[in-house]
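Heads up: the structure comes next, in structure tokens.
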Amino acid sequence: MCAGCFIHLLADARLKEEQATCPNCRCEISKSLCCRNLAVEKAVSELPSDCGFCLKQFPRSLLEKHKKEECQDRVTQCKYKRIGCPWQGPYHELTIHESECCHPTKTGNELMDILDEMDQTHKTEMQLYNSVFGLLSFEKIGYTGTIKDLINKLRTSVQQKS
């Protein structure tokens, strides 16, 4: 089992206040009972895996670098994002977009309005973050929905308070 899955199993069991068990043979597992199998990890790292953007296959060990730096279909943002450009698209379209982007030609007043709106959005997101962080800091929390549902409910609550 890879390190990521192992940690996920232990964390999930801890949240449920249960003993972690192997999903294959159901024997109990713990951090102290397990050891890494480097040969298997090496073999797994060489298995082919699909890029989520261009769907080409790469060895797992090279996939992250490809997705972050090399893939022409990876999602990227305009360099004028900090002054309000919302564009997101494939990397191969970035230079075309940036040459046609209207944000560098905006007036100072237009930029100030955009920045004020971005500050307000950031303030709302920080309130939401603080609410979620406050809830998660409790020792035990009971919630049966998804995290996405929880965030949406908290976002609605924060917006009603504003």
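If you read the sequence from its start, that first residue is 1, and numbering goes on from there. Note that these values count all heavy atoms, side chains included, but never hydrogens, waters or copies made by symmetry.
- Residues L111 and T107 have side chains not in contact (no heavy-atom distance under 4.5 Å, counting atoms from C-beta outward).
- By the 6.0 Å contact criterion, NZ on K106 is enclosed, its count of non-hydrogen atoms from other residues, nucleotides or ligands being greater than 12.
- Salt bridge status for D119 with K123: absent, with no side-chain N to carboxylate O gap under 4.0 Å.
- A distance of 10.5 Å separates CD of E93 from CD of E100, quoted to the nearest 0.5 Å.
- By the ring pair (Phe, Tyr, Trp, His ring centres under 6.0 Å) test, H103 pairs with no residue at all, sequence neighbours left out.
- In this structure, the separation between CD on Q88 and NE2 on H97 is 10.5 Å, given to the nearest 0.5 Å.
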Using distance only, find each side-chain donor-acceptor pair of residues 51-73 under 3.5 Å and give its atom names and separation, not counting sequence neighbours.
| unit_1 | atom_1 | unit_2 | atom_2 | d |
| --- | --- | --- | --- | --- |
| Q57 | NE2 | D50 | OD1 | 3.3 |
| D73 | OD1 | H92 | ND1 | 3.2 |

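- By the criterion of side-chain heavy atoms lying less than 4.5 angstrom apart, applied directly or through intervening Ile, Leu, Val, Met, Phe, Trp or Tyr residues, I114 is not grouped with W87; the two fall into different hydrophobic clusters.
- Placement of M126 and F133 within a single hydrophobic cluster is found when ILVMFWY residues are connected by side-chain heavy-atom separations under 4.5 Å, directly or transitively.
- If you take CD on E110 and SG on C102, they are separated by 8.5 Å, rounding to the nearest 0.5 Å.
- We find the CE-CD distance between M118 and Q120 to be 13.0 Å, quoted to the nearest 0.5 Å.
- At least one donor-acceptor pair closer than 3.5 Å links the side chain of E98 to the backbone N or O of K79.
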